[in-house]
> 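Pasting in a structure now, in structure tokens, and then I'll have a few things to ask.
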Amino acid sequence: MNLARLKKKSYPYLFLAPFAILTLLFFVIPAFATIWMSTTNLDRKMKADFIGLGNFRQILADINLLPIIKITLIYVFFSLILTVAFSLLLAICTQYLVKNKRIGALYRVIWLIPSTMPGLVYVVFWKYIFNPTPGGFANKVIMYFGLEQPVSWFNEAGLLIIIVAGVISGASGGMILFSASINSIPEDIYKAARVDGAKDRSIIKDIILPALKWPIMYVTVTSTIGLFASYNFILLATGGGPVFDTTTLALYGYQQAFNRLEYGYGAAISVIVVIISLLLTLLLFRIFDFNKLIRPPRIED
Amino acid sequence: MNLARLKKKSYPYLFLAPFAILTLLFFVIPAFATIWMSTTNLDRKMKADFIGLGNFRQILADINLLPIIKITLIYVFFSLILTVAFSLLLAICTQYLVKNKRIGALYRVIWLIPSTMPGLVYVVFWKYIFNPTPGGFANKVIMYFGLEQPVSWFNEAGLLIIIVAGVISGASGGMILFSASINSIPEDIYKAARVDGAKDRSIIKDIILPALKWPIMYVTVTSTIGLFASYNFILLATGGGPVFDTTTLALYGYQQAFNRLEYGYGAAISVIVVIISLLLTLLLFRIFDFNKLIRPPRIED
Amino acid sequence: MIKLEGISKKFGDSTALENVSLDIKRGEFVALLGPSGCGKSTTLMILAGLLQPTSGKVYFDGKIVNHVEPKDRDIGMVFQSYALYPHMTVLDNIAFPLKQRKVKKKERHQKAQEIAAMLQIDQLTDRMPSQLSGGQQQRVAMARALAKDPLFLLLDEPMSNLDARLKVDVRDEIRRLQLKLGITTIIVTHDQEEAMAVADKIAILQNGKIQQYGTPDELFMKPVNLFVAHFMGNPPMNILKCDLLRNGNERILRGDGFDYKLLSTKKLNTEFKGTKVALGARPHHLQISKVQLENSIPAKVVLVEQLGREKLIKVMLGDNENTTNFIRILSPSDLNVSYNERVYLTLDSEAIHIFDEETGKVIT
Amino acid sequence: MIKLEGISKKFGDSTALENVSLDIKRGEFVALLGPSGCGKSTTLMILAGLLQPTSGKVYFDGKIVNHVEPKDRDIGMVFQSYALYPHMTVLDNIAFPLKQRKVKKKERHQKAQEIAAMLQIDQLTDRMPSQLSGGQQQRVAMARALAKDPLFLLLDEPMSNLDARLKVDVRDEIRRLQLKLGITTIIVTHDQEEAMAVADKIAILQNGKIQQYGTPDELFMKPVNLFVAHFMGNPPMNILKCDLLRNGNERILRGDGFDYKLLSTKKLNTEFKGTKVALGARPHHLQISKVQLENSIPAKVVLVEQLGREKLIKVMLGDNENTTNFIRILSPSDLNVSYNERVYLTLDSEAIHIFDEETGKVIT
Amino acid sequence: ACSAKNNTGKETASAADVQNKSNAPKDAKTKEIIKISVGEDDYGARMSNYAAAFKALNEELTAQGKNVEVVADILPAVGDDELVLQAQAGQYRDISMNSSLDIGWELDAGLIQPIDWLKESEVFKTLPQNLWDIMEYQGHVYGAIQDMDASPLYINKTALKTLGWSDADIEGLPDRVLKGDWTMEDMLNIATEAVEKKVTKYGLVSDGLDNISVQDINNQMMGFEPYDLEQSKVIFDKKGITDTYSFWEKGIKSGAITKDFAALEDVGFGYFVNGDVMFFIGGTGSYNSMKEAYGKTDKEFEDWFYANSTFTLIPAGSKGGEPGSLANPRLYYVSSKVDEQKMPYVQRIIELAMAPNLQMDHTIASGKLPVTKSGQEDPRFSDLRFLHDVAYMLDYTKVRPPHLAYPDYLKQQIKGLEAIMVNGASAAEAYKLFEENYKQNVDQDQVIFR
Ligand SMILES: Nc1ncnc2c1ncn2[C@@H]1O[C@H](COP(=O)(O)OP(=O)(O)OP(=O)(O)O)[C@@H](O)[C@H]1O
Ligand SMILES: Nc1ncnc2c1ncn2[C@@H]1O[C@H](COP(=O)(O)OP(=O)(O)OP(=O)(O)O)[C@@H](O)[C@H]1O
Ligand SMILES: [Mg+2]
Ligand SMILES: [Mg+2]
């Protein structure tokens, strides 16, 4: 009897086990290896000597650290706010406001376009559009309207372009999660709200948003983590330049590791990135009152 | 009166308009530009002459085309099946089977780990683990257990490793969407099913899966599209080699465009990728009976 | 005040309402009655503006409101499914309509708390809806509908999960508020006693069509057809198929196993020339006697149910064991009859109804 | 057969059930009655194994089943919220429990269709639950519970959305099936007439505690306390606070505005020494007369409600305009009284109940 | 392409031969197989030159009657990181190719060994001395250079004429540059004048900010290479660097250099061909790019080119200084794990791959110059008028030092340039940025600060 209960309780874990092992192998071990690496002076010669917190000391002394952290925070903050706001807006518009479900669905499908093409293609085109020479599309346009000098878009507004493009391509995931959650609110609730005199604004604020609390938390947390860790996009678009003006912490770590081939130093930066994003995650959990969100199960046994 | 109704009907579109314009600028125009580019011989010289379907004719004559398409289909098919199956399994395990919601949530959070670190870090480590020489970790393990010869993992099982790693890192998005949908099934329904004698298997099959139809479709479609379009991961892991053994169509296009700098040819391949993924999307819509999924609104006006 | 004119509603192929017309005066309390699935909820939804009629017009105060938004109709509504806001506390649920009116927080919470007290849920205002029992949820829904002192109150089975005592309390409260504020109220209920107790007028629906619309007494005393007669009253009116035999001034109803002579004072519709009729008699209009009386109908007791202060006795007419001619009689508790006992039924000619069996229309 | 032993259930701080014990024999039909929020649904959930009691034991056939899975308990259940499977047709919903028993598709569909016909929803079996009216959904839930011929049937307000006529039909069908198959049935209902009509035994709950458990007659005739007395019967029993004056053999109940002399045959519990009592009299045990009789109580008519075959008359005792001493009386329709009319009430000493006002316990 | 344990170079065709090898003389039928692993690099004609070398070596061996066969084992090209990882795991490339910059760290990481035999090699006899310098590090030869580039200054002749230069002035310009009479400053002045007078839209354009042509300018402005060969240290010279940055600052301020300097990378050729550019600094390969931008036949372009432009070495930074040219050649390296037995074969492959005609094949395919005089004597070379005309520059061409601290030097130097060009920093600010970042990134023992 007791054995049977044990068996019953444990079998979902058995299901999860092989995946846990794979995760371990593919992701957790590398994570720990990174931590180990951050305490060595591993470089292109691929010889690793333990140097303790040397790398971290060096990072703290790094003259670029402060400006880079500032840029990172700006980048993460605005990307995050915009991604969440934007995917919420899209989801609410297409799932609730646009009453014709067909059009809403169509619009959402259009948002899949960004994912049908390799990201690099876009970057190439943005580079073309925002090419700082007079031959660039945006410059052609503004010069057509009378501006004399071409604008160095990526230099003047590199971070902005990166954020906007990142937000647009990043919003679709959140949008879908939000859409699904909005969709699962029973119609009766909307009906009641409409009868109770609620305008769209109030329905969104009082009915839809509370139902999205959990998805919003999820998107916020994963976006925060993802944004802190990502560099690919910036690397392609501006390479972090000019100077360090669009270099985020993760990109800096990448450059240290893979351009300068200072793996140890790069790993140490990665570790710092992870620590910051974990701290922020905990903070977000607090803000969203995570414990309350995990309701106790109503089926008991 | 009529004007007011028109206003009411149109204002969600007004909300969407700026985003539509951004999408247009950032994504739709590049998409069309790619199509245009595919009809030119644009290359490193950055001069584009219209050559009609020349690139496409050349692609059809490309001796690598058939094997690459075969690899692409294998890659997409298995990645897709595994990603969907895997994220479903994870979602069901952590959201339904594991009754302790706290543990389930914890487990899901662990799955965020892969996204906290730059992807490249992982690739480097996989390369270390699956190093083909006797010094590689995996080889050390199998040789410890008595195997004589080291295994060239990436050669023997490159596609497999790529698929597995891709699936593990790709499953978390779907898992969360599925989790949210499972979470929104009213508890009463589970209770009823349990009283009606349903075992977990039947609850999953008859209650949970039908409720996940839409999310599954969404994940399937976006994964299909995404998998067809992605190459980043393979590029980092194997670079498409040995020979063309892990080269997918998108990677081939990338290589043509950015290694050989044959932009026109690369764009033409991209266009073919897009066409194939759109066709498959339509097929999937049919399979999932898309029209039925878009229920008519129950609130009328 | 409220007027439905030729309203029809189809869901795909199936017709939920067919040519429904209804006139409701300001401050009236109207009950919609009818069997399950007859279109009661649909009617309310159309009145609320949550469903669009397939055809027909809805007037409020003489103005067509077909396209007026629900929020602009000043309605309080209790949904059959309650439709509480799951993410709000009970208090916020009740106060929500007031919030929409920009009533200040303190004020609306106070008002909500008052109404909660009226419905005996003031202890629960901090809970979430999921932490309430069914009846408690239903009262929250009611409180929410009442909170804003609406012009119209649409109540869809608002007390189906309340016990009898509470139901009377709540009903009285609604009635009180309704009278005080002159709220035009439409209540859907399956309980005709409730309807008769509170409603000024009752509309009886069947298959999406209105059968009769009138005061409770009218419906009860003068049902226009078999359906209404059978539907009103609990236990339902007994209906017996008979032949109407006209013998000079004497008219005899002959059914399976009985003959019953109508009193000469009982008037029948002279347009009716047929013979196939249905005799309707309410259970408490029948008396049971253990001895045979004049013009009484012999029967055999089949079932005795104790209903508290009365007994419900089911008897079989005639001696045919396979008959389907059963009759239910309500009699005082002190009547002692037992299973299979032979009894005699007498009924008052004035209290019976006779219907054309074919069309169902009343002919008395 | 089924036994609850000292069951308590807490949700966080609030106690839903407190030390509930109950014995139910095989094949018995038991009704749970009680005011909204008293713990009826919670009791059913615990019986079904969907909630774990905070303390106490559940026995089925003498075995402790606290940790037996719901699916292994062989229960058919109707949830208060219906809990239909939204993604299945009505037919599949009904057939679902059979599917779990590996009954072949054709067979289970046939069975489902039969039960649907029994509950008059056979026309709707192709629809999805969302396309049904409330009452139709409720019948689907009932059909699903019955489909597998379960050993136990747990019904949580299964007919709250059905009209009276249908309710009787469904009730009869359940009763028939239950008797035929010997299904042990527990029904939660707010309708004590329904409970009295069908149940072998009734348990009355209040605030999570069982007040009385017995046959309908027992509860009606011999309520053990004020609560049960007041709760059973509709309209409820009239309760009047009085002082019990003992004057030799004469015992007089003196209330606000009246004196009533108890017949000498009426026995009181000799242990009761106090004077504060409550007098209980059911509305139909009071007679109204327009002239003063011996031992009658003067009153003034406040409200007259037409209930169909009877009138519910509300009167005020005494002349104090601010009194709260109201009494409801059920009288035949033909009694004509009007608002503010002065009347006299007589009541039968045998039919009244006297309770200790402090403890609520009966002392007759 | 999987082979992991062939680093001793010997592998026999069958197991039976293992016994034969030690005692019996070589059996005519079973040849000894020597597998030489080569890192893939299919730019130009490199791979086909390898193939030809292997073929030639086998023919030689047969001719010598040796019972040996060499087999190429082509291993895919990899990045530096993986090169090390693979080497550490035991998978070496017997012959690999990398930039001349990489000698230092590859040696440090134990990947390569000295190949001083090169000094005796026939094919390298006619290699100019400055190219020998490239291959040497700490007194040994480590790499075998296999192609070469130069960085000419392309000049818009038409524009010069518009500015009033006579044909004779123009013709004499390369000589003045050689003598150190016409300097960078002169160039910048003319560029400024051209832009101010709207003769051309751009004064000075290059093939990219992080390309060697820009480093060439920097070196010229400093008047030296930032490297001390003897101490084997990088020189961080405050004055030189400040001068360089001042040059750029002045260029930007005067409009001779535009803010989008870096972005002109891909379009500069076309602008030059359109006549919009006064001076263009690129590699010899830029000629090909211009040709493609021009879009007509080789001959037509050549005619246009010589009619409308001219070219010189990069002028000296100050009067009397030396003109210069910078290149980034790739060298053949030999793995440290190649043993004595195998080395002769490896040596021979490298020598054969450098056969004059093969050098020329590569030149035709890549636009880079043959390195040895003998290579330049190939009759096909004189047909390539431009390449032929710039060949003299090889004598002035230098490469960047193969020093560990040098890559960071370059990176941070460019950051300073970006600051000037994009963010409008002054030369002093740029210097500060450079200095701070460089100091924190390198081991200061490796650098002479002055
Ligand atoms: N999750 C919960 N958290 C807190 N209290 C709860 C919860 N669920 C139920 N309760 C409380 O437990 C008590 C019993 O609830 P239950 O649902 O059993 O009542 P009920 O007798 O079925 O009432 P009704 O007739 O209104 O359905 C109620 O007072 C209810 O408010
Ligand atoms: N979405 C729908 N699609 C098809 N038929 C529907 C739909 N909604 C309701 N109906 C049908 O319309 C009819 C009227 O439904 P309605 O809900 O108005 O009934 P009701 O009178 O409220 O019944 P109840 O007393 O059972 O709640 C029913 O027969 C129902 O099956
Ligand atoms: Mg309804
Ligand atoms: Mg309940």
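Chain letters run A, B, ... following the sequence lines, proteins first and then strands; every chain starts at 1.
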> Are any of the side-chain heavy atoms of C:P35 and D:Q120 separated by less than 4.5 Å?
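They are not in side-chain contact.
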> Among D:G37, D:S160, D:S41, D:S133, single out the residue with the greatest number of heavy-atom pairs under 4.5 Å to chain C.
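When all of D:G37, D:S160, D:S41, D:S133 are compared, D:S160 has the most.
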> Quick check on D:Q80 against chain C: is it the side chain, the backbone, both or neither that has a heavy atom closer than 4.5 Å?
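Side chain only.
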> Look at D:Q136, D:Q138, D:H230 and state which one has the largest set of heavy-atom pairs under 4.5 Å with chain C.
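Result: the option with the highest number of such pairs is D:H230.
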> Contact between D:F11 and C:Q131 at the side-chain level, heavy atoms closer than 4.5 Å - yes or no?
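A side-chain contact under 4.5 Å is absent here.
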> Could you check which of C:I121, C:N161, C:L219, C:L33 has the highest count of heavy-atom pairs closer than 4.5 Å to chain D?
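Between C:I121, C:N161, C:L219, C:L33, the count favours C:N161.
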> Tell me if the NZ atom of C:K314 is crowded by more than 12 foreign heavy atoms within 6.0 Å.
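It does: C:K314 NZ has more than 12 such atoms within range.
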> Determine, for C:D217 against D:K311, whether the closest basic-nitrogen to carboxylate-oxygen distance falls under 4.0 angstrom.
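No, no charged N to carboxylate O under 4.0 Å.
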> By a 4.5 Å heavy-atom criterion (distance strictly below it), what part of C:R282 contacts chain D: side chain, backbone, both, or neither?
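Interface part for C:R282: neither.
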> Considering only heavy atoms from C-beta outward, does the side chain of C:H190 approach that of D:L162 to under 4.5 Å?
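No, every pair of side-chain atoms sits at 4.5 Å or beyond.
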> For D:D13 and C:R127, run salt bridge (charged side-chain N to carboxylate O under 4.0 Å, His left out): C-alpha distance rounded to whole Å, both residues' side-chain angles, the deciding distance at 0.1 Å, then the answer.
CA-CA 12 Å; D:D13 290 340; C:R127 295 229 190 133; over 6 Å; no
> Where does C:K167 contact chain D at under 4.5 Å (heavy atoms): side chain, backbone, both or neither?
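Side chain only.
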> Report yes if some heavy atom in the side chain of C:D163 is under 4.5 Å from a heavy atom in the side chain of D:S36; otherwise report no.
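Yes, close enough: below the 4.5 Å cut-off.
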